[in-house]
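Note sheet for the following structure.
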Amino acid sequence: MRDWLIAKRKAQGMTQREFASLLGIPVSTLAAYEQAARTPTVARAKALAKKLNVAWEQFFDPNHQ
């Protein structure tokens, strides 16, 4: 699980649907990212990180799972 991503969403008081809409991705993709079932491409990680105001490397760092 990517607890940091879930925490980021919950800190904004958003549902997965709302957060996915904000990020411009399908809800199923966000759910897979949160569960660490999928990892975004580097390009998508960079785009998401910019919107989330985090380092894009977090998506690939096992210490941030």
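Since the model is a prediction, treat every value here as computed from it, not as a measurement. Just the heavy atoms: all of them, side chains too, but no hydrogens, waters or symmetry mates, feed the values below. For the single chain, residues carry numbers from 1 onward in sequence order.
Residue pairs satisfying the salt bridge (charged side-chain N to carboxylate O under 4.0 Å, His left out) criterion with at least one member in residues 15-33, sequence neighbours excluded, are absent. For the salt bridge (charged side-chain N to carboxylate O under 4.0 Å, His left out) condition, no pair includes a residue of residues 46-55, sequence neighbours left out. Listed by first and then second residue, the salt bridge (charged side-chain N to carboxylate O under 4.0 Å, His left out) pairs involving residues 19-42 are R9-E34 (not counting sequence neighbours).
For E57, the side-chain contact (heavy atoms from CB on, under 4.5 Å) test picks out A55, with sequence neighbours left out. Partners of A49 according to the side-chain contact (heavy atoms from CB on, under 4.5 Å) rule, which considers only residues two or more places apart in sequence or in another chain, are V54, W56. Qualifying side-chain contact (heavy atoms from CB on, under 4.5 Å) partners for A47, counting only residues two or more places apart in sequence or in other chains: none. In this structure T39 satisfies the side-chain hydrogen bond (donor to acceptor under 3.5 Å, both in side chains) test together with R2, sequence neighbours excluded.
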Problem - Evaluation steps, side-chain contact (heavy atoms from CB on, under 4.5 Å), between V42 and F59 - result: CA-CA 9 Å; V42 171; F59 284 98; over 6 Å; no
Practice task
Go through L52 and F19 one step at a time and tell me if the side-chain contact (heavy atoms from CB on, under 4.5 Å) criterion holds.
Solution key: CA-CA 10 Å; L52 294 169; F19 203 52; 3.2 Å; yes
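The hydrophobic cluster containing V27 does not contain I25, counting ILVMFWY residues as joined when their side-chain heavy atoms lie under 4.5 angstrom apart, directly or transitively.
Residue T29 comes nearest to R44 through the heavy atom pair CG2-NH1, 3.9 Å, listed as atom of the first residue, atom of the second, then distance. F60 approaches P40 most closely through the heavy-atom pair CZ-O, 3.3 Å.
Distance OG/S21 to CD/Q16: 13.0 Å, rounded to 0.5 Å. Remark: L48 CG to K8 NZ distance equals 12.5 Å, nearest 0.5 Å.
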